[in-house]
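Remember, it's 1-based here, ligands and their atoms both numbered in the order they're listed. Bear in mind that the values here come from a model prediction, so they are computed numbers and not experimental data.
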Amino acid sequence: MSHSTQTRYEQTPAADNTTMFIFGAGGDLVKRLLIPSLYNLDRDRLIAPEMRIVGIDLAEHDDESFRRHLKDFIADNHSESRGGSLDESHWRDFEKRLHYRQGDFTDDAIYRQIEDVIASSGSDNALFYCATSSRFFSDIARKLDGAGLLEERNGQYRRLVVEKPFGHDLESAQTLNANLLEVMKEEQIYRIDHFLGKETVQNILVARFANVLFEPFWNNHYIDHIQITAAETVGVEERAAFYDKAGAMRDMVPNHLFQLLAMVAIEPPAAFGADSLRSEKSKVLGAVRPWTTEEAAHHSARGRYEKGTLDDRQVPGYLDENGVDADSQTETFVAMKVMVDNWRWVGVPFYLRTGKRMSARDTEIAICFKPAPYAQFRNTDVERMASNWLIIQIQPNEGMWFDFQAKRPGPELEMDTVKMGFAYKDFFDLPAVTGYETLIYDCLTGDQMLFQRADTIENGWRAVQPFLDAWARQSEAGESGIEGYAAGTDGPAGAHELIQRDGRTWHKVGEATGPGVAPVPGKR
Ligand code: BG6
């Protein structure tokens, strides 16, 4: 296959030849993220020239119409998919890889077709990607097994990728794990969490473990508390059928937010490898204190957006969105406090919050340090010492920022908060990527480091289960427990009370943190 673009990863070898089968090829994820990512991997010559990608779904398509359908969408939405723009001549090369098989995942016929496709591919490797609703995961795995398609022979692999949500509570996640592990080995299962494909998330490990600066302060002696925020301005969009059943907690917390928590809280792994890292993550999530249902109710707040103004635009409330039940009891915002009961973190609360239709898009980890041990500057004009903060900005304005105190110029001793920071864009070229490229490449090369292991996922659900139980109990008692918040604001009053009870406040959502937007020192 000819390529017009030069690869930017000269040192990274292309993955071995394989056939990738995508179950649920008609879904949103496939056109928004998977295909743009595969296109980018192809552009960067990270997939084998012979690799074929076969979409499987119920809708009627042949190879040609499948290719056209994908291209039309991607060409119109390239900026939205964050995967960069489409190069016509490269697409023409790339699309030769794309094929389509119409079929029902629950029917044996499609699995016979899969076998034929593999037999004609020149390689026995196969990657099965479940981009379907999670209710099909177990069935697909069983059918693949029944057809002998999970058997690995002659050093060739058979791998299964499953998307989130992985279950809807602890019990269903355990059942799903058991079902998958009945027909394949853990090494064949790739449970995706796309947050782990983000450079800034992977960078947390590098910042912590490739520098001597951070680790000495990274514990309860110096850290007062940690806030993890994933604020979005988008609403439910076209996803009500899924979201109204899931809600903010299931959609974001046991997976994305807990992955951020794990990255920031784990012990240094003994080795930089999938096993060590995943064991450390599992340990730290396993150390999250299991609240009683009463405690969980007390340490959480739920919200639902109401109509409001965002970017000078009027937006409807959640209950008025297309496809949402008028009497929906689904939260679009959640805030919670968790404690990690281990030597390093005892006494350091982790406050987590996520919501739709908030004031700004902002995913960040804000680490608040303890005050200086001695109030040196008593009897001066300084009334109070502000805390030192380290902000790990996951997106946008990717980078890391320190807030610390400096003396304002002038005869009096006055202090102000100043910033010191690293912005990704100042040091590196940020390629247009969706974030899925690394993850797919890892599936193709057999690196499970950035994928969830069965125990990590179960520990995540175990930690949120008391909250789910507490809320179910509230519903049974006829209490809604969900407060409204106007779209364009940062969650309901209960979220602020939750943290204020502990004498703390939330780090401001969307606070501009990049150079050029931060206040200029000495100019205030
Ligand atoms: C998805 C959730 O997993 O993550 C969405 O289902 C959410 O509801 C999205 O919008 C957020 O991801 P990102 O990468 O846009 O921060």
Side-chain angles (χ1 to χ4, degrees), residues 24 27-34 36-37 40 77 79-84 129-134 161-168 173 191-204 228-261 263 303-305 310 315 318 321 323-324 328 330-334 352-365 392-398 424 430 432-440 450-452 457 460-461 464 487 509-510:
D28 230 39
L29 176 84
V30 177
K31 58 187 184 198
R32 281 187 201 281
L33 291 165
L34 286 189
S37 311
N40 287 344
N77 294 274
S79 57
E80 197 187 335
S81 75
R82 292 179 239 153
Y129 199 113
C130 294
T132 62
S133 152
S134 59
V161 187
V162 286
E163 270 294 333
K164 66 171 267 282
F166 195 92
H168 56 270
R191 300 175 192 81
I192 261 196
D193 183 316
H194 82 276
F195 263 46
L196 293 175
K198 296 181 193 289
E199 295 288 354
T200 38
V201 175
Q202 295 170 41
N203 183 52
I204 298 171
I228 301 180
T229 298
E232 299 186 274
T233 51
V234 292
V236 65
E237 300 181 291
E238 307 304 316
R239 301 166 69 221
F242 158 74
Y243 194 84
D244 204 36
K245 288 203 193 75
M249 174 71 107
R250 290 183 167 92
D251 188 36
M252 296 291 288
V253 179
N255 32 63
H256 304 329
L257 264 53
F258 275 13
Q259 283 303 316
L260 297 183
L261 185 151
M263 291 297 232
R304 177 170 57 221
Y305 64 82
L310 246 172
V315 295
Y318 180 70
E321 298 273 24
V324 171
S328 162
T330 300
E331 79 287 352
T332 63
F333 173 98
V334 60
L352 277 50
R353 66 182 160 161
T354 182
K356 301 233 178 252
R357 289 286 192 228
M358 291 175 66
S359 64
R361 177 163 183 257
D362 180 7
T363 308
E364 62 169 46
I365 301 169
I392 303 175
Q393 188 69 33
I394 307 295
Q395 62 191 15
N397 295 336
E398 290 84 348
Y424 257 82
L430 286 176
V433 287
T434 66
Y436 266 76
E437 290 84 352
T438 310
L439 298 174
I440 298 175
L450 297 178
F451 295 83
Q452 302 236 59
I457 248 176
W461 279 113
V464 303
V509 169

For ligand 1, which atoms, with element, lie under 4.0 Å from some heavy atom of [X]?
{"X": "K198", "answer": "13 (P), 14 (O), 16 (O)"}
{"X": "K356", "answer": "5 (C), 7 (C), 8 (O), 10 (O)"}
{"X": "H256", "answer": "1 (C), 3 (O), 4 (O)"}
{"X": "E232", "answer": "7 (C), 10 (O), 11 (C)"}
{"X": "K164", "answer": "1 (C), 2 (C), 3 (O), 6 (O)"}
{"X": "F195", "answer": "12 (O), 16 (O)"}

Give a yes or no answer on whether the side chain of [X] reaches the backbone of [Y] with a donor-acceptor pair at less than 3.5 Å.
{"X": "E437", "Y": "G435", "value": "yes"}
{"X": "E199", "Y": "Q202", "value": "no"}
{"X": "K164", "Y": "I192", "value": "no"}
{"X": "R357", "Y": "A487", "value": "no"}

| Region of Y243 engaging ligand 1 - heavy atom pairs below 4.0 Å | neither
| note | Closest heavy-atom approach to atom 2 (C) of ligand 1 among I192, D251, L33 is made by D251
| said: Please verify the inter-ring angle class for H256 with F195; under 30° counts as parallel, over 60° as perpendicular, anything in between as tilted. | reply: parallel
| task | Before signing off on this row, confirm whether T363 and ligand 1 have an N or O atom pair separated by under 3.5 Å. | result |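 Not met; the criterion fails.
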| message | Could you check whether T363 and Q395, counting side-chain N and O atoms only, form a donor-acceptor pair closer than 3.5 Å? | response | yes
| remark: Residues S37 and Y436: closest non-hydrogen pair is OG-CB, 3.2 Å
